[in-house]
Amino acid sequence: MSEVIRKGYSEFVRIPIGPIHPALHEPYYFFFELEGEEIKNVWIESGGVHRGMEALALNRNYLQIIPIAERICGICSNSHPLAYTMAVEDAAGIEVPERAQYIRVIAQELERIHSHILWAGLGAHAIGLDTAFCYLWCLREDVLDIWELLFGGRVTHAVNWIGGTKKDIKEEDIPKILKMLKNLRKALPEVVDAFLYDPTIVRRLRAGTLTKKDALRLSALGPTARGSGVKKDVRWGYGPLAYGDLRDDYGYKPIIHQDGDVYAKTYVRLMEIEQSIDIMEKALDDLPSGPYRAIEGKTPKVIATLKKVKGAEGIGRHEAPRGEVIHYVRMEGGEGPYRWRPRAPSLNNNFTLPAMLVGCQVADIPIVVASIDPCFSCTDRMTFIDENHRKFVLSYDELIKISREKTWGDA
Amino acid sequence: MLQKYIAKSPWVFHVNTGGCNGCDIEILAALTPRYDAERFGVKLVGSPRHADVLLVAGPVTHNVIEKIKRIYEQTPDPKLVIAIGACSMGCSVFQDSYCIDGPLDEVIPVHVYVPGCPPRPEAILKAVLMGAEALPEILKKAEKGELPPAPDIKEKLERYTKYRKKVAEEASE
């Protein structure tokens, strides 16, 4: 990008958007080259939200990392701690009780509902439909009420605990959840109607096509990939937690759409809200009784159990609202992990943006950028600087070599 | 004169300085029908040049320090800065990190603090209204020179410019 600036002359018009801009809610820098109204080139500069979390985690113990993981992103504040606890459990060989697995599924689906409604509202806002924005965010408040009722927080919930969940779902709360789901199910058709059948909105949403080939090449994840016809959903493929059981019992399938444009992604998300409501109802119905934590006792007991684990590594993966989240943990004794490495879906999805934006109109920028549900705070956890602070761009092979060295030592 | 009208309808601009999004969605939630900020005349605007109030969330990362200062300078006087959330008050869980230049009151002057991680929409709304009402008092104090001086961020800015220069050099090589 800086090369283009330095050249000083180009036949295209250049506009910067960001880092602080009303259409982007987070500091992120876009740089567009235009010919008339058409976008010819896009550069993305990230790093505004880099907070050095992995370095911070080196000085924390296993349980203190849960709140940090929760604050990777305020919207997927259940997905990251869940993936982290799954990774630790995988490494330490802790078996999570069945009830905890169902509670985690319920929390995860509740998050998906809230996140997709939030997205639909922001998408409506991006195309200037503020009525839908207000209506959808009003619906979302009911979901947040349930979060507050079950786990005590609106945005940061603290559901997860190593070896289970922090809180149990009480019997008397279940009718309230079911009532909320029923109301939501009743209110949704109006929204689906507006987004998928209103001719004005549909024409605004027919922009920013990501072909299936590009989606596979750039390894897009979540609704971004599913909107391009890629059948990729960790819940129904790999089947973590209780998702495997639910899939086998009720035959859930990933929701896909072939078109690849914003409309397709909207379709996938809106249909997933319905699917999630269904999953939550089924999971609440099947909620088994029993303990909800594998390790009895409070913090010292959990830390003491984890301290004994040496030379183990684990992976936690599951489907967050934006795509697959992967956390890697390596345990070498001691109170905290030797290495903790999260990978958020937005890292992959953000770099599909150039492929989508080239050829679009300027007016389509907000909705196309919004269509991947970008979560920049998820991605900015890495800078490529070597020890002498000299090298900034690393090749693929070098990156692999460095990460191997970092994880395994020089061997 | 102007302060009287600001209290009746404070226009807010929302800045994220590298936070987790939690505060930002609560700021947006405060504008939606359940909390309905518009009944107090609170309106979200698209440019700091139109704003009376800056709502700043996040722990101020190394990369945005210069931008946040510029946004502060672009906002016309009289202005009010509200630090939203535990991050902008004291960096919260990111406290010891190597690339955090916060908390916010070490970068720009702050008038109102809203604690919480994240604070509830009601709290954000109340802070905007309280701050707008207290604005005449704040301005009087500023005239007399009773407010603490603006923080000195020369060192931090130098570090930032040095870093940017290095990035540009490396990119050109």
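Per chain, numbering begins at 1; letters A, B, ... match sequence-line order. No hydrogens, no waters, no symmetry mates; every other heavy atom, side chains included, goes into these values.
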Salt-bridged, [X] to [Y], with N to O below 4.0 Å?
X	Y	result
B:D52	B:K43	no
B:E137	B:K141	no
B:R70	B:E66	yes

I need the contact set between residues 120-128 of chain B and chain A: heavy-atom distance under 4.5 Å, sorted by residue number. B:R120, B:P121
Portion of A:R71 that has a non-hydrogen atom of chain B nearer than 4.5 angstrom: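 Its backbone and side chain both get close to chain B.
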Measuring heavy-atom distances to chain B, does A:L136 have an atom under 4.5 Å in its side chain, in its backbone, in both, or in neither?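 It is neither, since no heavy atom gets under 4.5 Å.
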Ring-plane angle category for A:H157 and A:W147, please: parallel below 30°, perpendicular beyond 60°, tilted otherwise.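 Parallel, since the angle between the ring planes stays under 30°.
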Do A:K166 and A:F151 meet the cation-pi criteria used here (NZ or CZ under 6.0 Å from the six-membered ring centre, within 45° of the axis)?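 The answer is no; the distance or angle limit is not met.
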Counting N and O atoms only, with roles assigned by atom type, does the side chain of [X] sit under 3.5 Å from a partner on the main chain of [Y], one being a donor and the other an acceptor?
X	Y	value
A:W137	B:A30	no
A:R339	A:E54	no
A:E111	A:N78	yes
A:Y84	A:E70	no

Need one label for [X]: side chain, backbone, both or neither, based on atoms under 4.5 Å from any heavy atom in chain A.
X	answer
B:L28	both
B:C117	both
B:I100	side chain
B:D24	side chain

Among B:E26, B:Q95, B:H62, B:H14, which residue has the highest count of heavy-atom pairs closer than 4.5 Å to chain A? B:E26
